[in-house]
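Throughout, protein chains are lettered first and strands after them, A, B, ... in sequence-line order, and every chain is numbered starting at 1.
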Amino acid sequence: MLQIAYIRQNKDKAIERLKIKNFNASELIESIIQKDEQKRKIKSDLDSVLSSQNNIAKEIGLLYKGGKKEAAEQKKEETKLLKQKEKELSDLFDNLEEEINSLIVQLPNTPHELVKPGKTSEDNEIVIEEKIESLGNEFRPHWEICERLKIIDFELGNKITGAGFPVYRNHGAKLQRALINFFLDEATNEGFEEQQVPLFVNEDSAYATGQLPDKEGQMYHIGVDNFYLIPTAEVPITNIFRDVIIEKDKLPIKYVGYTPCFRREAGSYGKDVRGLNRLHQFDKVEIVQIDTPENSYQRLEEMRNYVCKLLSKLGLHYRVLRLCGGDISFTSAMTYDMEVYSKGQDRWLEVSSVSNFETFQSNRLKLRYRDEERKTQLLHTLNGSALALPRIVASILENNNTKDGVIIPKCLTKYTGFEIIKY
RNA sequence: GGAGAGAUGGCAGAGCGGUUUAAUGCGGCGGUCUUGAAAACCGUUGUGGGUAACACCACCGGGGGUUCGAAUCCCUCUCUCUCCGCCA
């Protein structure tokens with residue numbers, strides 16, 4: 001959520017920036033500013049009414065103490081009008097506040113200056129491409145390989161739960177566990193502190209990171225207890241810092257967590273959902289950073305480089321895209337997507353997305369630090385996948401397939417205990 | 001799941017209808033003293049809104065109510081603790 005003060009002071013700039021996201025904000029922003037002005041006017045009127053009431057109450061207290069009962073009773077009369085006024089003003093105030101809030105949540109985050117205009121993913125800018133020779137030579141879609149090796153069973157998942165809930169079996173399960181451990185160990189070596197967090201969150205948490213109110217349909221909801229299944233570890237990990245003021249010397253915060261993720265993916269279909277490409281439940285290792293506005297873009301670059309390093313170690317041909325205005329998410333100011341070229345499907349698969357949200361999340365989280373003058377300021381939050389498991393598994397299977405089996409990347413063998421999954 | 005108790009500032013903990021814009025202690029920060037440190041002493045120390053700066057307003061788990069006036073009384077929700085039951 002953008003800050004009201006920012007909108008007020010940078011109206012034209014905000015409108016200009018949001019055009020990059022193909023979002024015409026002028027009407028919305030005008031309306032917000034106008035209502036905000038009204039709101040502040042009413043607030044000051046309301047405050048003076050409350051102030052009068054406080055004073056009268058104090059006087060009445062003193063009169064009673066002095067035994068002047070009649071005078072006190074008379075004073076009470078004076079509050080009648082004030083109370084009525086208070087009711088009117090506070091109703092107005094509440095309504096305005098609600099209206100402003102409902103408008104302001106419709107505004108996307110303003111993109112960073114480096115984010116270029118564009119309509120679709122076609123317009124994303126390729127920042128880096130690292131072509132790494134694959135270990136395999138027989139390229140097939142991973143679902144065929146899985147079936148032959150009996151390592152991931154989609155049908156079985158259908159029986160137990162439904163589509164999008166595969167069962168990883170035998171070497172498939174081990175490969176997955178190896179990857180999780182590899183990612184966690186790498187992140188720890190890079191200075192990220194490991195966290196294990198709840199897989200369900202309450203409404204407040206879902207709201208704070210922006211899943212609610214607009215993306216409600218993407219989450220699984222447990223009605224009796226009013227919990228949401230997390231769509232990403234970003235939600236619980238970032239919410240560690242809800243309503244927190246961090247001392248500057250504790251920054252940057254670098255956290256990593258492994259969790260399963262749950263997404264309803266309503267409306268998805270076709271080749272995008274085949275096999276491991278899109279699931280309702282999948283595993284992911286997520287990295288989160290929190291730092292000051294001055295440092296946050298340096299942190300973003302670090303995270304990007306870190307993810308690239310992982311992909312290199314895995315021996316996967318990858319590229320890094322800086323998302324254009326049309327493709328970047330609602331909440332992000334700048335996003336890099338990492339894609340891996342998967343030979344069996346002959347397509348690029350998105351395996352990571354690292355973003356700087358600037359103050360868009362911290363504003364709702366009320367996540368702040370104290371600056372040199374001991375004043376509180378909003379922090380910048382960043383996060384990224386490092387990495388999402390299913391598509392990594394898919395591309396390892398597809399790129400490393402040989403007639404004898406799938407070759408395990410060198411960096412993983414100490415975790416798997418085997419070097420090849422044999423036919 | 002049953003019964004009871006409770007939720008107050010960074011922490012501990014008083015206050016149970018009117019100089020409380022919350023006592024006191026610890027911790028933090030600044031200072032005096034000291035070669036330096038400790039101790040002692042003095043001062044200071046929540047968040048948000050608002051203002052040029054003050055004033056002023058809101059906040060004692062969340063929401064609602066009673067009252068001229070609520071941390072304090074009532075209703076409701078959430079959470080925590082103790083005992084019992086169940087249980088990985």
For nucleotides 69-75 of chain B, which of its nitrogen or oxygen atoms have a protein nitrogen or oxygen under 3.5 Å away, and what is each distance?
from, atom 1, to, atom 2, distance (Å)
rG69(B), OP1, K83(A), NZ, 3.2

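- Remark on RNA chain B: of its neighbouring residues I60(A) and Y64(A), the 5'-side contact belongs to Y64(A), judged by nearest-heavy-atom nucleotide.
- Salt bridge absent: E37(A) and R8(A) never bring a charged side-chain N and a carboxylate O closer than 4.0 Å.
- For the C1' atom pair drawn from rC81(B) and rG31(B), the interatomic distance equals 43 Å after rounding to whole Å.
- With the nearest nucleotide of RNA chain B identified for both G61(A) and I56(A), G61(A) has the one nearer the 5' end.
- Listed by chain and number, the residues in a side chain to side chain donor-acceptor pair (under 3.5 Å) with K13(A) amount to none (sequence neighbours excluded).
- Every residue meeting the salt bridge (Lys or Arg N to Asp or Glu O under 4.0 Å) condition with K309(A), not counting sequence neighbours, appears here in chain and number order: E190(A).
- rU66(B) and rC56(B) are spaced 27 Å apart, taking the C1' atom of each and rounding to whole Å.
- Judged by distance alone, the side chains of Y415(A) and D185(A) do bring a donor and an acceptor atom under 3.5 Å apart.
- The side chain to side chain donor-acceptor pair (under 3.5 Å) contacts involving residues 170-182 of chain A comprise nothing, where partners must be two or more places apart or lie in separate chains.
- Rounded to whole Å, the separation between the C1' atoms of rG10(B) and rU47(B) comes to 13 Å.
- Using a 3.5 Å distance cut-off with no hydrogens or angles, the side chains of S395(A) and S342(A) do not pair a donor with an acceptor.
- Straight-line distance between the C1' atoms of rG4(B) and rG9(B): roughly 29 Å, to the nearest whole Å.
- Taking atom CG on D36(A) and atom C1' on rG50(B), their separation rounds to 12 Å, with Å as the unit.
- A ring pair (Phe, Tyr, Trp, His ring centres under 6.0 Å) check over residues 194-224 of chain A, counting only residues at least two apart or in different chains, returns the pairs H221(A)-Y228(A).
- Here N95(A) pairs with nothing under the side chain to side chain donor-acceptor pair (under 3.5 Å) rule; sequence neighbours left out.
- Annotation: proximity of residues 88-105 of chain A to RNA chain B (heavy atom, distance under 4.0 Å) is found for no residue.
- In this structure, the CG atom of L62(A) is 8 Å from the C1' atom of rU19(B), given to the nearest Å.
- Taking 4.0 Å as the cut-off between side-chain N and carboxylate O, R370(A) and E247(A) count as a salt-bridged pair.
- Side-chain contact, R242(A) with N239(A): a donor N or O sits under 3.5 Å from an acceptor N or O.
- Rounded to the nearest Å, the gap between the P atom of rC29(B) and that of rU19(B) is 34 Å.
- Side chains of S51(A) and N54(A): no donor on one and acceptor on the other come within 3.5 Å.
- Distance, D243(A) CG to rG10(B) C1': 15 Å, rounded to whole Å.
- Under the 3.5 Å distance criterion, with hydrogens and angles disregarded, a donor-acceptor pair is assigned to the side chains of E234(A) and Q361(A).
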Annotated protein contacts, base or backbone, on nucleotides 51-66 of chain B with a non-hydrogen cut-off under 4.0 Å, one of B, S, - each:
-----SBS--------
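- Across the protein-nucleic acid pair, E78(A) atom CD and rU67(B) atom C1' stand 17 Å apart, rounded to whole Å.
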Apply the test salt bridge (charged side-chain N to carboxylate O under 4.0 Å, His left out) to residues K83(A) and E86(A): give CA-CA distance (whole Å), side-chain angles for both, the deciding distance (0.1 Å), then the verdict.
CA-CA 5 Å; K83(A) 284 200 111 179; E86(A) 184 208 330; over 6 Å; no
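- Distance L367(A) CG to rG48(B) C1': 16 Å, rounded to the nearest Å.
- Residues meeting the side chain to side chain donor-acceptor pair (under 3.5 Å) test with E98(A), sequence neighbours left out: none.
- For K116(A), the salt bridge (Lys or Arg N to Asp or Glu O under 4.0 Å) test picks out E125(A), with sequence neighbours left out.
- Comparing rA22(B) with rU44(B), their P atoms are spaced 14 Å from each other, to the whole Å.
- Taking atom P on both nucleotides, rC16(B) is separated from rG64(B) by 26 Å, rounded to a whole Å.
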Dot-bracket, RNA chain B: Watson-Crick or G-U, under 3.5 angstrom, [ ] crossing, | other strand?
((((((((.[[[..)..(.....]]]((((((.......))))))((((......)))).[[[[[..)....]]]]])))))))....
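- Spacing between atom CD1 of I42(A) and atom P of rG49(B) amounts to 19 Å, rounded to whole angstrom units.
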Which protein N or O atoms sit under 3.5 Å from an N or O of nucleotides 43-47 of chain B?
from, atom 1, to, atom 2, distance (Å)
rU47(B), OP1, R370(A), NH1, 2.8
rU47(B), O3', R368(A), NH1, 3.1

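- With 3.5 Å as the limit, one finds a donor-acceptor pair spanning the side chains of Q345(A) and E398(A).
- Separating the CD atom of E37(A) from the C1' atom of rG49(B) is a distance of 16 Å, rounded to the nearest angstrom.
- Remark: P of rU78(B) and CZ of F227(A) are 11 Å apart, rounded to the nearest angstrom.
- Taking atom P in both rA40(B) and rC54(B), the straight-line distance is 35 Å, to the nearest Å.
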Could you please spell out the steps behind the side-chain hydrogen bond (donor to acceptor under 3.5 Å, both in side chains) verdict for T331(A) and N109(A)?
CA-CA 5 Å; T331(A) 48; N109(A) 199 359; over 6 Å; no
